Each structure stands twice: as structure tokens, then as C-alpha cells.
Amino acid sequence: MGRVSQAQAQENRRRIVETASRLFREQGTHVSVADLMKAAGLTHGGFYKQFASKEALIDEATSHAFAELTQHHAAALDQHTGQPDAAQQALIDAYLSVEHRDNPSDGCPVAALAGDMAREPGNQKAHRVYAQGVSDFADALATPDQDGITRLCTMLGALVLARATKDSPLSEEILATAHAALTATP
């Protein structure tokens with residue numbers, strides 16, 4: 001088989017990172033390289049032409065997931081230019097929604113990757129990327145009235161619990177209660 005062009009190699013890498021970002025958020029970082037490459041529509045052997053290790057892919061996929069989160073937040077701000085309260089409201093509405101609960105592959109990496117980061121302390125770069133992403137997201141959530149870390153903890157806890165109780169009426173109650181707590185006027 002002939003060599004892949006540099007442009008095709010870059011496209012393959014982008015596809016692998018995007019696929020890994022979604023699969024890791026949906027299933028965790030334990031997804032096998034073979035399953036990941038199959039989902040990306042590429043051969044297993046091509047993985048090591050792109051990445052030195054699975055840990056290197058976890059680093060890059062985690063960065064990609066946080067970049068997507070930043071883009072979503074920026075889009076909310078753009079939609080509500082000059083209205084920071086409306087932008088925060090839109091972010092909370094989307095985060096604490098049934099749609100977000102039911103679609104972790106496209107959702108928040110803070111919630112989706114927390115367990116994996118806690119269980120896999122060996123990947124220091126991924127931990128640094130994750131910690132920076134959490135810090136940046138908390139900063140973006142801060143308002144003059146509420147600390148961003150408190151808001152993030154409330155949102156994250158509600159989302160994780162809502163996902164864990166998904167087939168129960170408690171799930172939507174958790175989302176609604178957290179939403180009310182975050183949007184109540186002081």
C-alpha cells in the first residue's frame with residue numbers, strides 16, 4: 001500500500017482525536033485502540049503512525065474536548081452579546097438539560113472524564129490538561145454573585161447524579177433542583 005499524503009495523515013489524526021474525544025466522554029478512556037480506530041473508520045495499525053501511545057491520544061482528546069466546551073461557551077456569549085446574565089442562563093439551561101444528560105459523547109468533559117482522571121493517576125499530562133480545563137470552566141461560570149467553582153460543582157454533581165439515576169423520576173428532579181438553585185435571584 002502506498003504512503004498516505006501529509007494532508008491525509010493530518011485528516012486521519014483529526015478524525016482519530018475527534019472520535020476519541022467523543023468515545024472517551026461516552027464510554028471512558030478504557031476504550032480499546034482497536035475499537036477506537038474502527039469507530040474512526042481507520043485500521044488499528046495506523047494508530048501508532050499518529051500517536052506514540054494511547055496516553056498521548058488521551059492527552060490530545062482531552063484537550064480537544066475542553067476546546068469544544070470553550071467554543072460552546074463562546075457561542076453562548078456571542079448569542080447574548082452584552083447580556084452576561086442571559087449567556088449564563090443559556091449555559092445552565094443547556095448543561096442541566098435532559099439532552100445533555102443523555103448525550104455524554106458531545107457533552108461536558110468535566111463530568112464525563114472525572115472518574116477516569118481519578119482512577120488513572122499515571123497520565124500526568126492528561127491530568128494537567130483536565131485540571132486546567134476545570135479551572136477555566138469554573139472561571140467562565142463565575143458571576144459577581146456566585147463563585148465559579150461552586151457553580152461548577154453544583155452543575156457537575158447534578159449532571160453526574162442525573163446520569164446515574166437516568167431511568168428514575170429522580171433524574172429530572174435532580175436537574176431541575178440544581179437549575180433552580182443556580183438561577184434563583186439573590
Side-chain angles (χ1 to χ4, degrees), residues 17-31 39 58-120 126-186:
V17 170
E18 286 179 0
T19 301
S21 179
R22 284 191 319 277
L23 284 177
F24 292 163
R25 283 180 278 173
E26 181 179 15
Q27 300 175 24
T29 59
H30 64 276
V31 172
I58 292 170
D59 299 345
E60 199 164 326
T62 301
S63 290
H64 179 81
F66 277 105
E68 283 184 346
L69 179 66
T70 300
Q71 288 171 351
H72 288 305
H73 188 255
L77 289 173
D78 286 348
Q79 273 187 307
H80 303 284
T81 303
Q83 303 170 344
D85 292 343
Q88 286 284 335
Q89 180 71 40
L91 181 64
I92 292 167
D93 291 349
Y95 198 96
L96 295 174
S97 69
V98 171
E99 293 77 22
H100 187 212
R101 178 199 67 191
D102 294 349
N103 295 294
S105 63
D106 293 320
C108 176
V110 177
L113 299 174
D116 288 313
M117 292 298 151
R119 283 188 293 274
E120 306 221 13
H127 280 261
R128 283 192 301 277
V129 168
Y130 182 82
Q132 187 62 54
V134 170
S135 179
D136 292 346
F137 190 35
D139 288 346
L141 291 171
T143 67
D145 299 328
Q146 284 186 316
D147 173 80
I149 291 177
T150 302
R151 291 168 64 90
L152 176 58
C153 290
T154 301
M155 291 167 60
L156 170 69
L159 183 62
V160 169
L161 290 171
R163 285 178 176 165
T165 59
K166 184 176 172 180
D167 295 326
S168 159
L170 181 60
S171 180
E172 289 185 34
E173 182 181 348
I174 290 167
L175 293 173
T177 301
H179 187 278
L182 290 168
T183 58
T185 54

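From a predicted model like this one, the values you see are computed outputs, not experimental measurements.
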**Message:** Contact between H80 and Q89 at the side-chain level, heavy atoms closer than 4.5 Å - yes or no?
**Reply:** no
**Message:** Nearest 0.5 angstrom please: D106 CG to H72 NE2, how far?
**Reply:** 7.0 Å
**Message:** Check whether R163 reaches the backbone of H100 with its side chain - one donor and one acceptor, N or O, closer than 3.5 Å.
**Reply:** yes
**Fill in**
Interatomic distance, CG@D116 vs OG1@T62, rounded to 0.5 Å, equals 9.0 Å
**Message:** For the OG atom of S63 and the CD1 atom of I58, what is their distance to the nearest 0.5 Å?
**Reply:** 12.0 Å
**Fill in**
Scanning both residues in full, the closest heavy-atom pair of A181 with Q146 reads O-NE2, 4.2 Å
**Prompt:** Would you call Y130 and L113 a side-chain contact if the rule is heavy atoms closer than 4.5 Å?
**Reply:** yes
**Prompt:** Closest heavy-atom contact between V160 and A111?
**Reply:** CG2-CB, 4.2 Å
**Message:** For F137 versus L91, what's the shortest heavy-atom pair and its separation?
**Reply:** CE1-CD2, 4.1 Å
**Complete:** Distance col, row D93:CG vs E99:CD, nearest 0.5 angstrom, shows 11.0 Å
**Asked** Any side-chain donor paired with an acceptor under 3.5 Å for Q132 and D136?
**Response** yes
**Request:** To the nearest 0.5 Å, tell me how far L152 CG sits from D139 CG.
**Result:** 10.0 Å
**Asked** Mind checking whether I149 and C153 have side chains closer than 4.5 Å, heavy atoms only?
**Response** yes
**Prompt:** Within a strict 4.5 Å, meaning less than it, do heavy atoms of the R22 and Q27 side chains meet?
**Reply:** no
**Asked** Side-chain contact, heavy-atom cut-off 4.5 Å: L23 with E26?
**Response** yes
**Request:** Kindly indicate whether the side chain of F66, heavy atoms from C-beta on, has any atom under 4.5 Å from the side chain of V110.
**Result:** yes
**Asked** Is S135 reaching over with its side chain to a backbone N or O of A131, donor-acceptor style, under 3.5 angstrom?
**Response** no
**Complete:** Hits for salt bridge (Lys or Arg N to Asp or Glu O under 4.0 Å) against R25, two or more places apart or cross-chain, chain-then-number order -> E68
**Request:** List the atom of L96, the atom of A158, and the distance in Å for their closest heavy-atom pair.
**Result:** CD2-CB, 3.8 Å
**Message:** Looking at R101 and A162, would you say the former's side chain and the latter's main chain have a donor-acceptor pair under 3.5 Å?
**Reply:** no
**Message:** Main chain of T150, side chain of T154: is a donor-acceptor contact present, judged purely on distance under 3.5 Å?
**Reply:** yes
**Message:** Please give me the minimum heavy-atom distance between Q88 and L141, naming the atom from each residue.
**Reply:** OE1-O, 3.5 Å
**Message:** Using side-chain contact (heavy atoms from CB on, under 4.5 Å), reason through R151 and I92 one step at a time and then give a plain yes or no.
**Reply:** CA-CA 9 Å; R151 291 168 64 90; I92 292 167; 3.1 Å; yes
**Results of salt bridge (Lys or Arg N to Asp or Glu O under 4.0 Å) for E18 - residues two or more places apart only** = R14
